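Down below is the structure, laid out as structure tokens.
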Protein chains: 2
Amino acid sequence: MAAPAPTNRTIAHDPGEQGVATRARLLEVAGEEFAKRGFQDATVREICRRAGVNIASINYHFGDKAGLYREVFRTAVMRFKEGGKLAVPPQGTAEERLKGFLHVFMDRVTGKNHPAWAPTLMMREMIEPTEALDEVVQSMIRPTFFGLAGLVAELLGRASDDAVVLRATASVVSQCLWYRHSAHVVKRLFEGTSVQDDTPGQRADHIASFSIAALSCLRQQDGGAAC
Amino acid sequence: MAAPAPTNRTIAHDPGEQGVATRARLLEVAGEEFAKRGFQDATVREICRRAGVNIASINYHFGDKAGLYREVFRTAVMRFKEGGKLAVPPQGTAEERLKGFLHVFMDRVTGKNHPAWAPTLMMREMIEPTEALDEVVQSMIRPTFFGLAGLVAELLGRASDDAVVLRATASVVSQCLWYRHSAHVVKRLFEGTSVQDDTPGQRADHIASFSIAALSCLRQQDGGAAC
DNA sequence: GCAAATTTCAAACATTTGATTGAAACGAAT
DNA sequence: ATTCGTTTCAATCAAATGTTTGAAATTTGC
């Protein structure tokens, strides 16, 4: 994905009302095309055809193709954020809060509060990171991860920067993310099995059980007890 | 990634000795380029330049660009398989066998027994699946997953097609795969933390502890005991 | 209604890309 | 040394691609 490289094109116009509508259509279609095909394979002609606008509109509104991509990405990140901060619930036992978090996280991972194409775009970014990934990690992933690490620390009775806490936090989030990243594999793997039609909620429930069991057991082992 | 679509080009030549060397160079370089840039963005000119061969060689040896891609993919899958079947060790307690499996799996996931570019190519395939993904799931992923499910079933005292077993197996493998799929995120996220320089072995050890704790605890809960 | 700003348009452009082609070079077998 | 098969070569081609440009159309503000 050679596109999101910096360009010398920095001028894009502030839109009037007509411009706003055109921009919105372009962003939505481009999001789909970039996600589906990747930056290089997605063409400005197809994007414009589908959006019903003239091909020069991309340069007029976004500077160039790369500018369009960057705006698409920014839009996706903003949408993620509009869902609100992905924080650990403030009320309840530690176990309840973990379960609550996992339900919200799983919903978020699965598709709530962002355009359908946004996760795929994120996955592409993870294969070929640009500076945009740094921004995403800093403003979204890190706060979420370390917020959860606080709760894991509580459950383990350790400091939240402890290596065991961080690894255990990774163990928790990875279970959720696998269903997103490996969705095509999961579909094929589970076809015809008893978990083929699992809902995000069912998965969240299981992950909560598995993780809470692990954490409480590890905590007891720390106290010298066999679990 | 529009490339791996079927083409009408089926003729490629069986190689003599010179051809074997040329093919090998092309496959290696193409693997890197396709992984790094994706099919569309990788160009036959750059691949040939780097391999030190004439541009017509691709059509001569592989039929066309798509044919080269398919052969690259086949090569990667073969290399994975040459590492031997990813099976649960036959000896030891169930816990020891799970730990042993996780170490081998983690090594495999992290980079042993295949070209450095192969996992990235797999990840691209997971974003835009082709028929090649079906083959990979069938011949590699499924046997590994359900082999592990047998061990998880043993640890849980349930049938190996039970929903809880399958979900728990997913919980185990996902912890390992996260480090591969989210490698760029993990690097950024853990920078400066106590787990920044974790080895695959350390991660496998933790995942084993976490998972064994979870499984034994879940088993006790099944028996009516609090864990 | 008018002038200025904004937006869109169609044609054109330069470059890139995968594929093709006839010939040359090379290797293998007799 | 010769013939045949294999492999590589350089030039060429057709199509696709992102970008540009001057003008026309539309919108906006007074």
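Note that the structure is predicted; figures quoted are calculated from it, not measured. Quick note on labels: first sequence line is chain A, next is B, and so on, each numbered from 1.
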Worksheet item: So which nucleotide from C:dA19, D:dT7, C:dT8 ends up closest to the side chain of A:Y60?
Response: C:dT8
Worksheet item: Do B:D198 and B:H206 have side-chain atoms, one donor and one acceptor, less than 3.5 Å apart?
Response: no
Worksheet item: For the pair made of CG in B:D64 and P in C:dT17, what is the distance, rounded to whole Å?
Response: 17 Å
Practice prompt. Only one of A:L26, A:V53, A:T22 passes side-chain contact (heavy atoms from CB on, under 4.5 Å) with A:I58; say which it is.
Written response: A:L26
Discussion item. For the backbone of A:Q202 and the side chain of B:R167, can you confirm whether one donor and one acceptor N or O come within less than 3.5 Å of each other?
Written reply: no
Worksheet item: Should A:Q18 be listed as having a side-chain N or O under 4.0 Å from OP1 or OP2 of D:dT26?
Response: no
Item to complete: Send over the distance from B:Q40 CD to C:dT17 C1', rounded to a whole Å.
Response: 9 Å
Item to complete: Write down the distance between CG (B:L26) and C1' (C:dG18), rounded to a whole number of angstrom.
Response: 15 Å
Worksheet entry | Integer-rounded Å distance: D:dG18 C1' and A:E33 CD | 16 Å
Worksheet item: Atom CD1 of A:I58 and atom P of C:dT7: how far apart are they, to the nearest Å?
Response: 16 Å
Worksheet item: How long is the line joining CG of A:N59 and P of C:dA10, in whole Å?
Response: 16 Å
Worksheet item: Can a side chain N or O of B:H61 be found less than 4.0 Å away from OP1 or OP2 on D:dT8?
Response: yes
Discussion item. Please evaluate residues A:R70 and A:E131 with respect to the criterion salt bridge (charged side-chain N to carboxylate O under 4.0 Å, His left out), reporting the C-alpha separation (whole Å), side-chain torsions for both, the decisive distance (0.1 Å), and the verdict.
Written reply: CA-CA 10 Å; A:R70 281 194 293 272; A:E131 62 191 14; 6.0 Å; no
Discussion item. Nearest to the B:S57 side chain among D:dT19, C:dG18, D:dT8, which nucleotide is it?
Written reply: D:dT8
Discussion item. Quick one about A:S139 and A:K81 (side-chain donor to acceptor, distance below 3.5 Å, no hydrogens or angles considered), yes or no?
Written reply: yes
Response to the item:
The nucleotide from D:dT7, D:dG18, D:dT21 with an atom nearest the side chain of A:K65 is D:dG18
Worksheet item: Looking at DNA chain C, which of residues 42-55 of chain B put a heavy atom within less than 4.0 Å of it?
Response: B:A42, B:T43, B:V44, B:R45
Worksheet item: Has B:T22 got a side-chain N or O lying under 4.0 Å from the OP1 or OP2 atom of D:dT7?
Response: no
Discussion item. Please report the distance, rounded to the nearest Å, between CZ in A:R23 and C1' in C:dT8.
Written reply: 15 Å
Worksheet entry | Between C1' of C:dT7 and CZ of A:R25, the distance in whole Å | 12 Å
Worksheet item: Have A:E33 and A:W117 got a donor and an acceptor in their side chains that come within less than 3.5 Å?
Response: no
Worksheet entry | Where at least one partner belongs to residues 178-198 of chain A, residue pairs that pass ring pair (Phe, Tyr, Trp, His ring centres under 6.0 Å), sequence neighbours excluded | A:F190-B:F145
